[in-house]
Trainee: 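Pasting in a structure now, in structure tokens, and then I'll have a few things to ask.
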Number of protein chains: 2
Amino acid sequence: MGQPSTRDTILDAAQRIAAERGAGRITLDEVAKESGLSKGGLLYHFAGKEALIKGMLERLIERSSVVREEHSRSLAGKPHATLRALLATRNRDDVLDPHVAMAILAAAAEQPTLLDPLRQHIAYMREQIIAESGDQPAFWLLWAAADGLLFQQLLGVEPYLPEQRDAMHQQLQLLAEGMLK
Amino acid sequence: MGQPSTRDTILDAAQRIAAERGAGRITLDEVAKESGLSKGGLLYHFAGKEALIKGMLERLIERSSVVREEHSRSLAGKPHATLRALLATRNRDDVLDPHVAMAILAAAAEQPTLLDPLRQHIAYMREQIIAESGDQPAFWLLWAAADGLLFQQLLGVEPYLPEQRDAMHQQLQLLAEGMLK
DNA sequence: TTTACTATACCGTCCAGTTGGTATAGTAGC
DNA sequence: GCTACTATACCAACTGGACGGTATAGTAAA
């Protein structure tokens with residue numbers, strides 16, 4: 001990997017601030033300082049605060065899509081490939097670090113409509129999965145469990161210990177395999 | 001039920017604003033207007049914005065505790081009573097409407113440490129469940145699924161249709177019963 | 001010459017919190 | 001039953017700081 005682009009540096013800084021100070025506490029001055037840019041430089045890359053948060057969310061969607069498509073390819077042809085790829089993606093902290101998902105909380109804090117691109121993406125995934133696996137509540141529940149693990153981690157409200165996280169994800173995979181038969 | 005206390009009126013107003021404008025967009029002026037009070041009157045009941053959000057969160061914890069203990073009593077003696085009561089509580093929109101949980105997002109937006117009371121409560125529930133059912137990943141996963149359903153609804157990012165929500169909760173109950181044997 | 005910035009100054013608005021009141025009900029002493 | 005006092009539950013106006021955004025002048029590399 002080369003060095004990250006200035007845009008990515010900025011988005012990383014914004015995520016750090018969101019995680020530390022609170023999802024609604026992102027300010028342009030702070031992001032500029034944290035990313036080592038001037039405010040002018042920051043606004044050169046993002047037209048405003050909304051654009052910044054939109055950028056965070058778009059990066060989240062894009063990154064998770066890339067990883068998921070990777071998994072999808074390796075599962076191609078197998079039953080429930082899309083759903084399984086979606087679940088497998090969540091376990092990949094190495095590629096898609098959980099702080100990236102702070103974008104969701106930041107968007108929810110700023111303005112709920114900012115989540116629209118994510119909603120669109122989810123609707124698309126839903127259709128994919130229905131076409132492949134049908135519309136079964138049990139499958140949506142697996143998705144919900146994966147989301148639950150993510151949000152619990154994001155908010156720091158997990159009932160289990162951090163060391164147990166890996167076991168949790170493995171358990172989800174096992175359960176999914178069982179349910180998906 | 002009598003009419004709600006002024007405090008509850010204020011907390012309801014704050015939740016409505018959080019849901020509409022964004023979890024980080026709660027302002028004292030707006031809450032005052034929405035609740036039909038002046039700002040001065042609002043600040044008589046809550047010492048400041050933090051106190052307001054803390055109040056929201058405390059009400060959430062208290063209300064869900066009441067409902068959960070109800071379920072707990074009716075399951076007393078049966079295996080995994082606490083875990084089952086916890087899961088059953090989530091389905092009770094009638095008593096614990098999902099907007100109450102906006103408090104979690106509002107707290108996350110304002111300052112992550114505001115979630116500490118919730119974390120404490122979760123730690124307590126964790127201990128209860130471990131004492132009763134042991135420390136098994138599969139059980140935490142059920143909890144995660146329940147949280148996932150909640151947060152998905154809160155953020156409006158459910159992959160399923162609103163009409164399917166009931167089916168989702170039923171599915172979770174069924175799955176839980178199966179796993180809890 | 002264009003791109004990618006730095007640095008600084010500034011403006012207007014939003015918003016948390018403060019201040020200084022008012023209205024009402026209750027209570028204690030006489 | 002009147003007066004003095006207290007507590008509760010508010011209201012309206014204001015203040016000061018934070019913050020989003022704009023503007024401008026300049027720099028350095030390709």
Side-chain angles (χ1 to χ4, degrees), chain A residues 2-59 102-103 105-114, chain B residues 2-59 102-103 105-114:
Chain A
Q3 64 219 34
S5 69
T6 305
R7 262 183 85 95
D8 275 322
T9 306
I10 293 168
L11 295 176
D12 288 341
Q15 274 152 25
R16 246 173 288 137
I17 290 165
E20 277 162 35
R21 301 236 216 270
R25 281 273 169 91
I26 294 174
T27 71
L28 296 184
D29 289 277
E30 275 300 313
V31 174
K33 205 168 70 175
E34 176 80 16
S35 58
L37 286 179
S38 68
K39 194 172 175 182
L42 165 61
L43 285 161
Y44 176 81
H45 288 279
F46 294 96
K49 197 182 177 181
E50 285 210 356
L52 175 65
I53 292 172
K54 222 178 129 192
M56 290 170 73
L57 199 66
E58 273 161 11
R59 188 171 72 157
M102 280 303 301
L105 296 185
E110 188 70 14
Q111 221 205 331
T113 57
L114 287 174
Chain B
Q3 63 218 37
S5 69
T6 306
R7 262 183 85 95
D8 275 322
T9 307
I10 292 169
L11 295 176
D12 289 340
Q15 273 152 25
R16 245 172 288 137
I17 289 164
E20 277 162 34
R21 300 235 216 271
R25 280 273 168 90
I26 294 175
T27 72
L28 297 182
D29 289 279
E30 276 299 314
V31 174
K33 204 167 73 175
E34 177 80 17
S35 59
L37 286 179
S38 70
K39 194 174 180 176
L42 164 62
L43 283 162
Y44 174 80
H45 289 279
F46 295 94
K49 198 182 178 182
E50 285 210 356
L52 174 64
I53 292 172
K54 218 176 133 198
M56 290 170 73
L57 200 67
E58 272 162 12
R59 189 171 71 158
M102 281 304 299
L105 296 185
E110 189 69 15
Q111 221 205 330
T113 58
L114 287 173

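Throughout, a chain's letter reflects where its sequence line sits, starting with A, and its residues are numbered from 1.
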Trainee: Residues of residues 16-32 of chain B with any non-hydrogen atom less than 4.0 angstrom from an atom of DNA chain C: list those, numerically ordered, please.
Mentor: B/Ile26, B/Thr27, B/Leu28, B/Asp29
Trainee: For each nucleotide in nucleotides 22-30 of chain D, reading 5' to 3', give B when a protein heavy atom comes within less than 4.0 Å of its base, S when such contact involves only the sugar-phosphate, and - otherwise.
Mentor: B--------
Trainee: In whole Å, I'd like the distance from the NZ atom of A/Lys49 to the C1' atom of C/dT13.
Mentor: 14 Å
Trainee: Figure out the CD/C1' separation between A/Glu110 and D/dG20, and round it to whole Å.
Mentor: 10 Å
Trainee: Using side-chain hydrogen bond (donor to acceptor under 3.5 Å, both in side chains) as the criterion, list what pairs up with B/Arg21, not counting sequence neighbours.
Mentor: B/Glu30
Trainee: Hey, does B/Leu57 have a side-chain heavy atom less than 4.5 Å from the side chain of B/Leu114?
Mentor: no
Trainee: Restricting to side-chain hydrogen bond (donor to acceptor under 3.5 Å, both in side chains), what partner residues turn up for A/Arg59, sequence neighbours left out?
Mentor: A/Asp8, A/Asp12, A/Gln15
Trainee: Please give me the minimum heavy-atom distance between B/Ala13 and B/Glu34, naming the atom from each residue.
Mentor: CB-CG, 3.4 Å
Trainee: Taking the side chain as every heavy atom from C-beta outward, state whether B/Leu11 and B/Phe46 have any atom pair closer than 4.5 Å.
Mentor: yes
Trainee: Any side-chain heavy-atom pair from B/Lys54 and B/Glu50 closer than 4.5 angstrom?
Mentor: no
Trainee: When the distance from CG of A/Leu37 to C1' of C/dC5 is rounded to whole Å, what number comes out?
Mentor: 8 Å
Trainee: What residues, two or more places apart in sequence or in another chain, satisfy salt bridge (Lys or Arg N to Asp or Glu O under 4.0 Å) together with B/Lys49?
Mentor: B/Glu110
Trainee: Who pairs with A/Ser38 by side-chain contact (heavy atoms from CB on, under 4.5 Å), at least two apart in sequence or on another chain?
Mentor: none
Trainee: Kindly say if A/Thr6 contacts the phosphate of C/dC5, meaning a side-chain N or O under 4.0 Å from OP1 or OP2.
Mentor: yes
Trainee: Which listed nucleotide (C/dA16, C/dA7, C/dA4) is nearest to the side chain of A/Tyr44?
Mentor: C/dA4
Trainee: Rounded to the nearest angstrom, tell me the gap between atom CD in A/Glu50 and atom C1' in D/dC19.
Mentor: 15 Å
Trainee: Can you tell me how far CG of A/Asp29 sits from CG of A/Leu42, rounded to the nearest 0.5 angstrom?
Mentor: 9.0 Å
Trainee: Rounded to the Å, how far apart are B/Phe46 CZ and C/dC15 P?
Mentor: 20 Å
Trainee: To the nearest Å, give me how far apart NZ (A/Lys33) and C1' (D/dA18) are.
Mentor: 13 Å
Trainee: Does a side-chain N or O from B/His45 land closer than 4.0 Å to OP1 or OP2 of D/dA9, or not?
Mentor: no
